Amino acid sequence: MAEEYPRDQRDAVYRVIAERRDVRQGFRPDPVPPEVLGRVLAAAHQAPSVGFSQPWDFIVITDRARRERIAALAGRHRDAFAADLPGARARAFDRLKIESILDTPVNIAVSCDRTRGGRHTLGRATQPRTADFSSVLAVANLWLAARAEGLGVGWVSFFDERELAAELGLPAHVAVIAYLCVGFVDQFAPEPELATAGWARRRPLSWAVHAEEFGRRAMPGEEPVDQLADVLAAIAAPDAEAMAAARERQDRMTKPRGSLGALEDVSVRLAGLAGGCPPPLPEPACVAVFAADHGVHAQGVTPWPQEVTAQMVANFLAGGAVVNAFAAQAGAEVTVVDVGVAADLEPVPGLLPRKIARGTADFTEGPAMTRDQATAALVTGAEIARDLVAAGNRCLVTGDMGIANTTASAALICAFTGADPADATGRGTGIDAATYARKIDVVCRGLDRHQPDSGDPVGVLAAFGGFEHAALAGFILGAAALRVPVILDGVIAGAAALAAVALAPDATAACFAGHRSAEPGHAVTLSHLGLRPLVDLGMRLGEGTGAVLALPLVQSAARALRDVATFDSAGVAEKS
Ligand SMILES: Cc1cc2nc3c(=O)[nH]c(=O)nc-3n(C[C@H](O)[C@H](O)[C@H](O)COP(=O)(O)O)c2cc1C
């Protein structure tokens, strides 16, 4: 067996890996001595490469005029990116410095010649991308060596690649892989700046390690993780001390006691969820629209054809739906999740492809899905919550799309609350009397057939659920486990919340009822959950629209608790 390095040398290797940072602030103007730069470039040049093709070149740029032109190219793309961001993200982005082209004495562009070595380059023939990967490994070597030399490196990717290539005089067959700003710094930040700035969180290693197959998460030497069990175990009751502190602060704020009505309760619940007072502002916010199709559509419960689900998904992604308009107004991002649309969807930015199956089965004929599918959808929803929080979101908003999903919701609500189908079934998008009678009958037949046991929430979801219901339940559980508020939309989210709360009663602490939908089953649901809706406008659209309208209310409640002066601090006399 080859000898391992002595302990101190191993420690140095791990230290440089842990302490490498992307640096954008605090560069010193001191020039980088040629011998230091030479050592760092030699380290880069020792990187592994596909078929030993060494496809990289290093363009070392110091000329001020050239750097000014390059900074202008990056500036244009920075502005275009910023223009596309929703409110809170845009404010956070404004505070970020994304390049140090002029602040550093040296810039280094790392390129890739994807043709070097000819057609028989080992490995590249089957995987052309390996040429680029090899150049990236050269960047990694450079970045680590630079850290050891006390040199900060910042990677700038706000470029049109060909524009930058032209500025650097690259031939057409050579691509820019990385543009690096390099200079001495006084110190290296202990954590990535984007983490410190609250833009994103580091994913725990245990989320990233799978045993044998994707999805079977397990650290080496440990049993595979039961993700759903882990999520459920992480859900805890709200913090009573934080809630008491919030209540007490509300009473000392410069306003008559109780004058913010239900918003005072919202702020107290946010404090309880966060475990501190004041709680963090619930922003940025992201709406996740879970879309899926339903086998029960075959029973004629809606006049809308099933294809509308996929067509509306395209509309959400194109920004043309009501939820897009409301989200733009409220400064929230919209993400669409395909958990079971009965069509193949094109991969486009903003769409998360997480299809469990192409629609559920008809629940009047058998279970809508298998228990394994229900569990997979629950885990998918929880993972999406987790990833959206890791990406920096501090408030999640539920959305849904699925033709016939009010029928599935009515069945779920009856199963979880014991409500009569006639009281829990609504007219959905608007149906005539005959269709309505048929819809109630469909729900009755489903309940008769499956004899649901509300003590077995996964079984209930499998019997009636849409994949979007099960995924939304997981999304709510995921938010609760991370102690991030989740604003519920209408009857579909409500039905999902019933499942979530049946699995983990403390999950209610994370739930804020965005609105009361006109669907009768929703009122039943809200009273069962003990949630008070914030908006009541007779809406019945779904998509997340009612929840998004409530977002500024939840955010205002948190901000008031944080920003409003108290009688003592402001020197305002209290009522005697
Ligand atoms: C491929 C790549 C491109 C990047 N592009 C940019 C960029 O354009 N602007 C920027 O500020 N940071 C950029 N970064 C830096 C990352 O934001 C940074 O590496 C990440 O936040 C982790 O921080 P750390 O490198 O300090 O661990 C880039 C990083 C990589 C790997």
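Everything quoted here is computed from the prediction, not taken from an experiment.
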**Student:** Below 4.5 Å, heavy atoms only, C-beta onward: do Ile476 and Cys511 meet side chain to side chain?
**Tutor:** yes
**Student:** Would you please test Val182 and Thr104 for side chain to side chain contact (heavy atoms under 4.5 Å, CB included) and show each step?
**Tutor:** CA-CA 6 Å; Val182 183; Thr104 51; 5.6 Å; no
**Student:** Test Glu264 against Lys255 for side chain to side chain contact (heavy atoms under 4.5 Å, CB included), laying out the working first.
**Tutor:** CA-CA 12 Å; Glu264 296 198 6; Lys255 60 174 184 57; 2.6 Å; yes
**Student:** So, the side chain of Arg394 versus the backbone of Val389: is there a donor-acceptor pair under 3.5 Å, distance only?
**Tutor:** yes
**Student:** Scan for side-chain hydrogen bond (donor to acceptor under 3.5 Å, both in side chains) pairs involving residues 270-288, sequence neighbours excluded, and state none if there are none.
**Tutor:** Arg91-Glu283
**Student:** So, the side chain of Gln127 versus the backbone of Gly123: is there a donor-acceptor pair under 3.5 Å, distance only?
**Tutor:** no
**Student:** Find out whether Asp103 and Lys97 are in side-chain contact, i.e. whether some heavy atom of one side chain is under 4.5 Å from a heavy atom of the other.
**Tutor:** yes
**Student:** Please examine the side chains of Phe188 and Arg20, heavy atoms only from C-beta on, and report whether any two atoms are closer than 4.5 Å.
**Tutor:** no
**Student:** In Å, rounded to the nearest 0.5 Å, how long is the span from OG of Ser134 to CZ of Phe52?
**Tutor:** 11.0 Å
**Student:** In terms of heavy-atom contacts, does CD of Glu163 have more than 12 from other residues, nucleotides or ligands at under 6.0 Å?
**Tutor:** yes
**Student:** Trp143 versus Asp22: any side-chain heavy-atom pair under 4.5 Å?
**Tutor:** yes
**Student:** Nearest 0.5 Å please: distance from the CG atom of Leu164 over to the CZ atom of Arg69.
**Tutor:** 11.5 Å
**Student:** Going by the angle between their ring planes, with limits at 30° and 60°, are Phe81 and Phe93 parallel, tilted or perpendicular?
**Tutor:** perpendicular
**Student:** Please list, chain by chain and in numerical order, all residues satisfying side chain to side chain donor-acceptor pair (under 3.5 Å) with Arg201, sequence neighbours excluded.
**Tutor:** none
**Student:** Taking Glu161 for its side chain and Val176 for its backbone only, find out whether a donor-acceptor pair lies under 3.5 Å.
**Tutor:** yes
**Student:** Side chains of residues 546-555: which donor-acceptor partners sit under 3.5 Å, not counting sequence neighbours?
**Tutor:**
from	atom 1	to	atom 2	distance (Å)
Gln555	NE2	Pro282	O	2.9

**Student:** Give me the atom names and distance for the closest heavy-atom approach of Val231 to Ala382.
**Tutor:** CG2-CB, 4.0 Å
**Student:** Please tell me if the side chains of Leu102 and Arg64 come closer than 4.5 Å, counting only heavy atoms from C-beta onward.
**Tutor:** yes
**Student:** Of the non-hydrogen atoms in Arg483 and Gly272, which two are nearest, and what is the gap between them?
**Tutor:** NH2-O, 3.3 Å
**Student:** Using a strict cut-off of less than 4.0 Å between a Lys/Arg side-chain nitrogen and an Asp/Glu carboxylate oxygen, indicate whether Asp11 and Arg15 qualify as a salt bridge.
**Tutor:** no
**Student:** Side-chain contact, heavy-atom cut-off 4.5 Å: Asn393 with Val484?
**Tutor:** no
**Student:** I need the minimum non-hydrogen distance between Asp30 and Phe184, along with the two atoms involved.
**Tutor:** O-CD1, 4.2 Å
**Student:** Nearest 0.5 Å, please: how far is CD1 in Ile101 from CD in Glu68?
**Tutor:** 11.0 Å
**Student:** So, using ring-ring contact (aromatic ring centres under 6.0 Å, His included) as the criterion, who are the partners of Tyr179 when residues are at least two apart?
**Tutor:** Phe159
**Student:** What distance separates Glu333 CD from Leu388 CG, expressed to the nearest 0.5 Å?
**Tutor:** 7.0 Å
**Student:** Could you please spell out the steps behind the side chain to side chain contact (heavy atoms under 4.5 Å, CB included) verdict for Leu73 and Asp160?
**Tutor:** CA-CA 8 Å; Leu73 294 182; Asp160 173 272; over 6 Å; no
**Student:** Any side-chain heavy atom of Thr121 sitting closer than 4.5 Å to one from Arg116?
**Tutor:** no
**Student:** Hey, is Arg39 close enough to Glu35 for a salt bridge, meaning N to O under 4.0 Å?
**Tutor:** no
**Student:** Restricting to non-hydrogen atoms, name the atom on Ile61 and the atom on Arg67 that form the minimum distance, rounded to 0.1 Å.
**Tutor:** CG2-CG, 3.8 Å
**Student:** I'd like to know if the side chain of Arg147 and the backbone of Glu19 have a donor-acceptor N/O pair within less than 3.5 Å.
**Tutor:** yes
**Student:** To check you understand the geometry: which heavy-atom pair defines the closest contact between Glu346 and Leu351, and what is its length?
**Tutor:** O-CD2, 3.5 Å
**Student:** If I take atom SG from residue Cys181 and atom CZ from residue Arg24, how far apart are they, to the nearest 0.5 angstrom?
**Tutor:** 10.0 Å
**Student:** Looking at every non-hydrogen atom in both residues, tell me the closest pair between Ala570 and Thr254 and how far apart they are.
**Tutor:** CB-CG2, 4.1 Å
**Student:** Counting only N and O atoms by type, is there a donor-acceptor contact under 3.5 Å from the side chain of Ser135 to the main-chain atoms of Ser111?
**Tutor:** yes
**Student:** Are Val337 and Phe475 close enough, and set up right, to give a side chain to side chain contact (heavy atoms under 4.5 Å, CB included), and what steps lead you there?
**Tutor:** CA-CA 11 Å; Val337 191; Phe475 186 67; over 6 Å; no
**Student:** Heavy-atom count check: over 12 atoms from other residues, nucleotides or ligands less than 6.0 Å from Gln187 CD?
**Tutor:** no
**Student:** Looking at Asp489, is its backbone amide N or carbonyl O close enough to the side chain of Thr398 to form a donor-acceptor pair, meaning the two atoms are under 3.5 Å apart?
**Tutor:** yes
**Student:** Working to the nearest 0.5 angstrom, can you tell me the gap between Leu137 CG and Asp132 CG?
**Tutor:** 11.0 Å
**Student:** Side chains of Leu96 and Glu193: closer than 4.5 Å at any heavy-atom pair?
**Tutor:** yes
**Student:** Who are the salt bridge (charged side-chain N to carboxylate O under 4.0 Å, His left out) partners of Arg249, not counting sequence neighbours?
**Tutor:** none
**Student:** Is a side-chain N or O of Asn324 found less than 3.5 angstrom from the main chain of Phe316, in a donor-acceptor match?
**Tutor:** yes
**Student:** CZ of Arg203: more than 12 outside heavy atoms within 6.0 angstrom?
**Tutor:** yes
**Student:** Just grab all the ring-ring contact (aromatic ring centres under 6.0 Å, His included) pairs involving residues 12-46, residues at least two apart or on different chains.
**Tutor:** His45-Trp56
